Amino acid sequence: MIEEIAAERTRPPAQRLFDRVEGFLHIEAASGIILLIAAAAALIWANSPSRHAYEALWHTPVTLGIGEFVDTESLHFWINDGLMAIFFLLVGLEIRHELHEGALSSVRQAALPCVAALGGVLLPASIYFTLNAHDPQLRSGWAVPTTTDIAFAVGVLALLGKRVPPKLRVLLLALAIIDDIAAIVIIALFYSSGVSIAGLGLGATGVVLALLLQRFGIRTAWLYVIPGVVVWLGLLVAGIHPAIAGVIMGLITPVSFPKAAADPLSRARTALEELSLHRDESSHDARTVDAPLRALRDAQIDFLPPVLRVQAALHPWVAYGVMPVFAFANAGVTLSGLELGNAGLARLSIGVIAGLVVGKPLGIVLATAGSVAIGLCRLPDGVGRGAIFVMGCLGGIGFTMAIFVGNLAFEDPAMLATAKFAVLLASVLAASIGLIAGRVLLPARSLSTPTN
């Protein structure tokens, strides 16, 4: 086992990147199915005779805190503002790792997905803004059609099977991560109220506390919850969406192997040798194996850098827990209450649908084609124009992040319900078009076809 782990650390970076992407996509594809089930369940319940129970559930008051420091908010608040901080923590960890040694670690690697993501943000926002520029309330939703749901996008990509070039998977992952960065910046700049200096100071205190824990070599992940909560409270007081605290904590997570007294491989071998000696003894005190067992556990921890260790631990919980819960709490739109006959709400829905279904793929394709034509970027081997168009279509699957932004953009219940319905409909259309485009534009490949 030790030899296998050591071999993993010495594998070529490109191969490690592809293996990591494969594992990531496997979880995301399964998560997309669960998300779909959660959204469908929410829609069914919200439009059933017991729809009032669905609405009442999310308004249930929940009190959290310790001693005198307690707060009572609705269950919906704790999901959208609290639980989603864990989702954003995973996003921050992914960004941190990709910037260090992944698809965003060099200008050459990051240029194409950066340009594509920029086009996929600007054109949808322009389409929506053009349709709703004259109404200040509707205009605030311009960022709703700019986001991509990686879980649903990867789920559809997985349905295309061997047709998908391996490097297209890497490109889609990089595009989605940059898209998340853009969404985070948009939320921080455009969907935050007046910033409180006191709140920023509290948040900075949490960051300093986390850095001090790192400086003193504290590796117990649960202890970092304390500075994370401080950062969350600071952003809440500052008027910035508190879920972004997760991104901040992710971005300051170390990406290098922790310094230890000896190489973890050597320490693990020494611990195993001690355990082997104790096993061969005819009789021994069970307490004598405690020290080598702890040494082996510590060495195992040090085999992976913190950013990857925390990411691997959180990813299944976020994919199979946090995101489905968010979908179940936010996708329940009462269809009978939609006022699509209202001209303003009709423009809102058209802006969201057109932005995601038309603006996203066109923005991604045009930005990519333009950057390649002027020599700024080059397409990866095995990825043609058809593959870029398929990626653009899948980029129009907004869902989780689009609904999240919609909650920030619209206070009016009718506008929010319309925006959510438009996001759901647009995501289904984008997924369907992407699947059809993939079947038509991506050639079928046999199992023996090389995978680059």
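Note that the structure is predicted; figures quoted are calculated from it, not measured.
- In this structure a side-chain-to-backbone donor-acceptor pair under 3.5 Å is missing from Lys420 to Val333.
- Within the 3.5 Å criterion, the main-chain N or O of Gly395 finds a donor-acceptor partner in the side chain of Thr148.
- Under the 3.5 Å distance criterion, the side-chain polar atoms of Arg96 are left unmatched by any main-chain donor or acceptor of Gly250.
- Residues Phe326 and Leu83 have side chains not in contact (no heavy-atom distance under 4.5 Å, counting atoms from C-beta outward).
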Criterion side-chain contact (heavy atoms from CB on, under 4.5 Å) on Leu379 and Leu171, from CA distance to verdict | CA-CA 10 Å; Leu379 294 179; Leu171 187 58; 5.8 Å; no

For the pair Met415 and Leu348, evaluate side-chain contact (heavy atoms from CB on, under 4.5 Å) and give the outcome as yes or no after the intermediate values.
-> CA-CA 8 Å; Met415 292 182 180; Leu348 188 160; 4.0 Å; yes

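- Here CG of Leu236 is found 12.0 Å from CD1 of Ile244. Values are rounded to the nearest 0.5 Å.
- In this structure a side-chain-to-backbone donor-acceptor pair under 3.5 Å is missing from Asp179 to Ala117.
- Not less than 6.0 angstrom separates the ring centroid of Trp317 from the ring centroid of Phe87.
- Formation of a donor-acceptor pair under 3.5 Å by the Tyr320 side chain with backbone atoms of His315 is not found in this model.
- Rounding to the nearest 0.5 angstrom, the gap separating the CE atom in Met84 from the CE atom in Met323 is 7.0 Å.
- Residues Leu356 and Pro124 fail the side-chain proximity criterion, which asks for heavy atoms closer than 4.5 Å.
- A centroid separation of less than 6.0 Å is found between the aromatic rings of Phe190 and Trp142.
- Evaluated for a side-chain contact (heavy atoms from CB on, under 4.5 Å) with Val390, the options Ile433, Leu160, Val156, Val164 yield exactly one hit, Leu160.
- Counting only distance, with no hydrogens or angles, the side chain of Asp149 and the backbone of Thr400 share a donor-acceptor pair below 3.5 Å.
- Between the side chains of His76 and Asn330, a donor-acceptor pair is found at a separation under 3.5 Å.
- Asn132 CG to Leu138 CG: the interatomic distance, rounded to the nearest 0.5 Å, is 5.0 Å.
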Go through the steps to decide whether Leu90 and Ile86 satisfy the test side-chain contact (heavy atoms from CB on, under 4.5 Å), and finish with yes or no.
-> CA-CA 6 Å; Leu90 183 62; Ile86 302 176; over 6 Å; no

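- Summarising the local packing, CZ of Arg439 is surrounded by more than 12 heavy atoms from other residues, nucleotides or ligands at distances under 6.0 Å.
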Take Val144 and Phe410 through the side-chain contact (heavy atoms from CB on, under 4.5 Å) test and state the conclusion after the steps.
-> CA-CA 10 Å; Val144 173; Phe410 300 112; 4.2 Å; yes

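- Partner of His241 under the ring-ring contact (aromatic ring centres under 6.0 Å, His included) criterion, chosen from Phe77, Trp232, Phe404, Phe88: Phe404.
- Other residues, nucleotides and ligands contribute more than 12 heavy atoms inside 6.0 Å of the CD atom of Glu55.
- Within the 3.5 Å criterion, the main-chain N or O of Ile252 finds a donor-acceptor partner in the side chain of Gln214.
- Side-chain contact between Ile79 and Val325: present, with at least one pair of heavy atoms (C-beta onward) separated by less than 4.5 Å.
- Not one N or O on the side chain of Arg51 forms a donor-acceptor pair closer than 3.5 Å with the backbone of Ala46.
- Counting non-hydrogen atoms of other residues, nucleotides and ligands closer than 6.0 Å to CZ of Phe389 gives a total of 12 or fewer.
- Panel note: side chain Thr147, backbone Ala143; no donor-acceptor pair is recorded below 3.5 Å.
- Without hydrogens or angle criteria, Ser140 side chain to Ala409 main chain gives a donor-acceptor distance under 3.5 Å.
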